[in-house]
2 protein chains.
Amino acid sequence: MDSRKNTEMEILRAAKKIFIQHGYAGARMQAIADEAKINKAMLHYYYRSKDALFEKIMDGAVDLMSKQLLNALSGDASVMEKVEKMVSNYTDTIIKNPYIPIFILNEIARNQMNFQNKLQQKLEQNNVFQNFLLQVLEEQQKGILRPISVPHFMITIMSLIVFPHIAKPVFLKIFEMTDTAYMHMMEERKQLVMDFLGKSLVL
Amino acid sequence: MDSRKNTEMEILRAAKKIFIQHGYAGARMQAIADEAKINKAMLHYYYRSKDALFEKIMDGAVDLMSKQLLNALSGDASVMEKVEKMVSNYTDTIIKNPYIPIFILNEIARNQMNFQNKLQQKLEQNNVFQNFLLQVLEEQQKGILRPISVPHFMITIMSLIVFPHIAKPVFLKIFEMTDTAYMHMMEERKQLVMDFLGKSLVL
DNA sequence: CAAAAGTTTAACCACCTGGTCAAAATAGTT
DNA sequence: AACTATTTTGACCAGGTGGTTAAACTTTTG
């Protein structure tokens with residue numbers, strides 16, 4: 001029983017690694033099996049198909065990211081306090097799980113409808129996200145936040161959080177940085193992004 | 001002679017479409033041939049291999065983007081004037097060529113070293129980019145710009161420009177927008193981003 | 001301990017893939 | 001019109017791919 005769990009987890013770890021490197025279409029079941037040090041037929045025994053395996057990992061990513069989002073945005077804090085929590089949570093989560101942005105973007109390209117449905121589903125499980133959007137509007141009406149359309153508001157925040165991770169190899173090269181220095185900069189960025197947003201979004 | 005050019009271009013158009021939809025590994029030469037309404041062997045006659053075809057398109061993307069960048073950043077204008085030009089140029093270019101961010105990100109995942117080398121090569125063809133980075137430092141020392149590290153400075157700007165295009169399907173769903181409305185918002189964003197950057201980066 | 005249940009294996013499969021190649025077709029030149 | 005050059009075609013290829021299957025092996029159960 002314990003051994004089964006270990007085998008399942010090992011397959012997931014290996015699959016995640018290979019899918020990250022090669023994308024869904026480029027990932028080979030044999031390569032995943034090799035990485036997990038198992039026989040390829042076992043992939044099908046445990047996860048039935050390549051697609052099922054990928055979906056499992058994808059579900060994990062969407063789950064984790066939406067949880068972080070909803071966790072940050074729920075409760076009675078002010079909008080900017082929630083945004084700060086969101087910046088911090090997302091940055092930490094991505095640093096610990098660097099595969100996630102890449103996965104999500106590949107999935108967007110590969111199977112847009114599927115991803116959209118997954119995401120929508122997660123956001124609709126409760127009213128947290130909708131309430132947050134309404135709260136943004138409310139604080140704009142109260143003169144706390146600048147009257148920027150809500151999509152612009154959210155897109156700006158997400159841009160600043162996520163893109164630096166996605167484009168990491170580009171920036172590593174352009175600025176001739178080490179991986180360590182870049183990750184250090186991502187930590188700094190938590191504060192920097194809040195500073196930026198404070199100046200840009202708050203009246 | 002004219003006919004040869006047309007066939008080449010038609011193959012490129014078709015290949016771009018299929019590579020966008022499916023990525024490098026998922027794209028099928030037969031599908032490209034079908035899209036171009038030609039015999040599959042012709043792909044090899046004109047472009048020799050799948051890889052060569054992909055590289056051709058990739059080179060075009062890197063070329064176009066680096067040209068836009070260098071064009072915006074060259075000359076005697078102030079940093080923020082150059083940034084404004086960059087925001088505008090990049091936004092227009094991506095709107096006209098929406099495949100580019102997706103391509104570049106796929107290439108980063110697929111073949112990071114190759115991409116980095118291509119980019120480095122383009123940026124090193126002249127001193128424009130380096131001069132711009134020095135100019136940022138200079139204006140910071142003069143008290144015109146806030147003293148933010150140059151990588152943070154550039155990452156912030158690129159994040160605001162590029163990410164909204166990459167994550168378009170996500171935002172389309174979250175905010176239940178039409179494609180047209182989103183593209184309209186991207187136009188608005190030129191001015192909005194400059195507004196944000198003005199508030200945050202300028203003293 | 002034997003039987004049942006669960007896991008792993010290696011061989012196999014139909015189909016797909018990027019690419020090859022010689023012949024046919026078309027275009028260009030004299 | 002004949003010849004040459006270029007383009008297009010369709011058949012073919014070796015190797016790869018995700019998946020299947022029955023047998024062997026291991027673990028669990030009573």
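Below, read A as the first sequence line, B as the second, and so on, with proteins coming before strands; counting in each chain starts at 1.
- In terms of modelled atom types and a separation under 3.5 Å, the side chain of A/Asp63 and the main chain of A/Asp59 share no donor-acceptor contact.
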Practice item. Please test B/Glu55 against B/Lys118 for salt bridge (charged side-chain N to carboxylate O under 4.0 Å, His left out), starting from the C-alpha separation and ending with a verdict. Key: CA-CA 11 Å; B/Glu55 285 294 307; B/Lys118 273 190 174 69; 2.5 Å; yes
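- Atom pair A/Leu43:CG and C/dT8:C1' shows a separation of 12 Å (rounding to whole Å applied).
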Practice item. List the steps and the verdict of side-chain contact (heavy atoms from CB on, under 4.5 Å) for B/Met154 and B/Met86. Key: CA-CA 11 Å; B/Met154 293 305 296; B/Met86 184 176 145; 4.0 Å; yes
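- B/Met42 comes within contact range of at least one nucleobase, with a heavy-atom separation under 4.0 Å.
- Of the listed nucleotides (D/dG18, C/dA10, D/dT7), D/dG18 has the atom at the smallest distance from the side chain of A/Arg28.
- One can place CG of A/Asp51 at 12 Å from C1' of D/dG18, the figure rounded to the nearest angstrom.
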Point to revise | From CA spacing to verdict: salt bridge (charged side-chain N to carboxylate O under 4.0 Å, His left out), A/Asp34, A/Arg28 | key: CA-CA 10 Å; A/Asp34 290 342; A/Arg28 296 292 171 256; over 6 Å; no
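- As a whole-Å value, the separation of A/Lys50 NZ from D/dG16 P is 15 Å.
- Put simply, CG on A/Leu53 is 15 Å from C1' on D/dT17, counting in whole angstrom units.
- Here the side chain of A/Thr7 is nearest to one of D/dG16, C/dT8, C/dC16, namely C/dT8.
- Projected onto DNA chain D by closest heavy-atom contact, A/Tyr24 and A/Ala41 fall at different nucleotides, the more 5' of which corresponds to A/Tyr24.
- Just one residue in the list A/Tyr24, A/Phe115, A/Tyr47 forms a ring pair (Phe, Tyr, Trp, His ring centres under 6.0 Å) with A/Phe54, and that residue is A/Tyr24.
- Side-chain atoms of B/Lys40 come within donor-acceptor range of the base of C/dG19, with a qualifying N/O pair under 3.5 Å.
- Looking at heavy-atom distances under 4.0 Å, A/Ala52 makes no contact with the nucleic acid at all.
- In the helix from C/dC1-D/dG30 to C/dT30-D/dA1, the rotation axis of the first five pairs and that of the last five pairs differ in direction by 10°, rounded to 10 degrees.
- Across the protein-nucleic acid pair, A/Arg48 atom CZ and D/dT21 atom P stand 13 Å apart, rounded to whole Å.
- In this view, B/Lys56 satisfies the salt bridge (charged side-chain N to carboxylate O under 4.0 Å, His left out) rule with no residue, not counting sequence neighbours.
- Listed for the B/Tyr182 side chain is no donor-acceptor partner under 3.5 Å among the backbone atoms of B/Pro169.
- Using a 4.0 Å heavy-atom cutoff across all strands shown, B/Ala33 reaches no nucleic acid atom at all.
- Note: NE2 (A/His44) to C1' (C/dA11) measures 14 Å, nearest angstrom.
- Going from atom CD of B/Gln30 over to atom P of D/dG10 covers 11 Å, rounded to whole Å.
- Whole-Å rounding puts the B/Tyr45 OH to D/dG10 P distance at 17 Å.
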